[in-house]
Amino acid sequence: MKIFTYSEKETKILGKMIGSFVQKQGINVIALYGEMGTGKTVLTKGIASAFGIEEKDIASSSFVIVSHYPEANFYHIDLYRLDNVKEEEIDLWEYFEVGTCVIEWAQSINELPEDALKITIDLVDDTTRVFEMEI
């Protein structure tokens with residue numbers, strides 16, 4: 001399925017809809033793929049809002065790999081600084097099994113759970129994004 005958004009606000013709304021969907025479906029992992037500036041963090045803010053997490057609390061971090069929001073059992077995983085994450089380097093599966101995880105730069109992971117929601121984001125122009133989703 002492909003969905004277009006035409007502003008940051010629309011991307012956050014889409015994220016909130018995705019957050020509600022994964023909660024209802026029991027999906028624990030949302031893997032985000034896309035180049036720098038495509039809107040991964042903006043979408044993550046929307047997803048997190050469906051879990052009651054304030055937008056200001058979600059940031060694109062270059063230092064923190066895993067941010068945990070215990071009140072919602074929500075994990076924001078940002079793998080920007082890592083390439084080809086191997087299980088022995090960082091055990092992401094421990095997070096996948098206990099809470100909802102949104103992974104930015106998911107292309108760095110070799111393996112995901114079968115029921116992970118995979119979202120590829122492409123930049124069309126300054127304001128337009130296309131989101132391609134698959135489970």
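Looking at Ile103 and Phe96, their side chains come closer than 4.5 Å, going by heavy atoms from C-beta outward. Looking only at side-chain heavy atoms (C-beta outward), Val42 and Lys12 come within less than 4.5 Å of each other. Looking at Pro113 and Trp93, their side chains come closer than 4.5 Å, going by heavy atoms from C-beta outward. Two residues are said to be in side-chain contact when any heavy atoms from C-beta on lie closer than 4.5 Å; Ile58 and His76 meet this criterion. Contact check for Ile77 versus Glu104: no side-chain heavy atoms found under the 4.5 Å cut-off. In this structure, the side chains of Leu32 and Leu43 come closer than 4.5 Å at one or more pairs of heavy atoms. By the 4.5 Å heavy-atom criterion applied to side chains, Trp105 and Met36 are counted as neighbours. Within the 4.5 Å cutoff, side-chain heavy atoms of Leu92 are placed close to those of Leu79.
Ile119 and Val22 fall within the same hydrophobic cluster, defined by Ile, Leu, Val, Met, Phe, Trp and Tyr side-chain heavy atoms under 4.5 Å apart, directly or through other members. Tracing side-chain contacts under 4.5 Å through hydrophobic residues (I, L, V, M, F, W, Y), one reaches Met1 starting from Ile30; they form part of the same cluster. By the criterion of side-chain heavy atoms lying less than 4.5 angstrom apart, applied directly or through intervening Ile, Leu, Val, Met, Phe, Trp or Tyr residues, Ile3 is grouped together with Ile18 in one hydrophobic cluster. If you chain together hydrophobic residues whose side chains sit under 4.5 Å apart, Phe21 and Met17 never meet in one group. By the criterion of side-chain heavy atoms lying less than 4.5 angstrom apart, applied directly or through intervening Ile, Leu, Val, Met, Phe, Trp or Tyr residues, Val66 is not grouped with Val102; the two fall into different hydrophobic clusters.
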Please tabulate, for the side chains in residues 128-135, all donor-acceptor contacts under 3.5 angstrom to protein atoms that are two or more places apart in sequence or on a different chain.
unit_1, atom_1, unit_2, atom_2, d
Thr128, OG1, Asp125, OD1, 3.0
Thr128, OG1, Asp125, OD2, 3.4
Arg129, NE, Thr38, O, 2.8
Arg129, NH1, Asp125, O, 3.1
Arg129, NH1, Asp126, O, 3.2
Arg129, NH2, Gly37, O, 3.2

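At a cut-off of 3.5 Å, with distance as the only test, no side-chain donor of Thr127 or Ser7 sits close to an acceptor on the other residue.
Summarising the geometry, atom CD belonging to Glu35 is positioned 11.0 Å from atom CD1 belonging to Ile121; distances are rounded to the nearest 0.5 Å. The SG atom of Cys101 sits 7.0 Å away from atom CG of Asn28, with the distance rounded to the nearest 0.5 Å. Ile47 contributes atom CD1, which lies 10.5 Å from atom CD1 of Ile53 (distance to the nearest 0.5 angstrom). To the nearest 0.5 Å, the span separating CD on Glu55 from NZ on Lys16 amounts to 11.0 Å.
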Derivation and outcome, side-chain contact (heavy atoms from CB on, under 4.5 Å), residues Asn73 and Phe51: CA-CA 9 Å; Asn73 203 22; Phe51 288 81; over 6 Å; no
Candidate pair Leu117 and Val29, rule side-chain contact (heavy atoms from CB on, under 4.5 Å), full reasoning: CA-CA 6 Å; Leu117 174 60; Val29 177; over 6 Å; no
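Between Phe4 and Tyr6, the angle of the ring planes stays under 30°, which puts this pair in the parallel group of the 30/60° scheme. Note: His68 and Tyr75 have parallel aromatic rings, judged against thresholds of 30 and 60 degrees for the angle between ring planes.
The two residues Thr11 and Gly39 have their closest heavy-atom pair at CG2-O, 4.3 Å. When all heavy atoms of Ala106 and Ala31 are compared, the pair lying nearest together is CB-CB, 3.6 Å.
Residue-environment remark: CD (Glu114) stays at or below the threshold of 12 foreign heavy atoms within 6.0 Å.
Of the candidates Lys24, Gln23, Gln25, Gln25 is the only one forming a side-chain contact (heavy atoms from CB on, under 4.5 Å) with Ile27.
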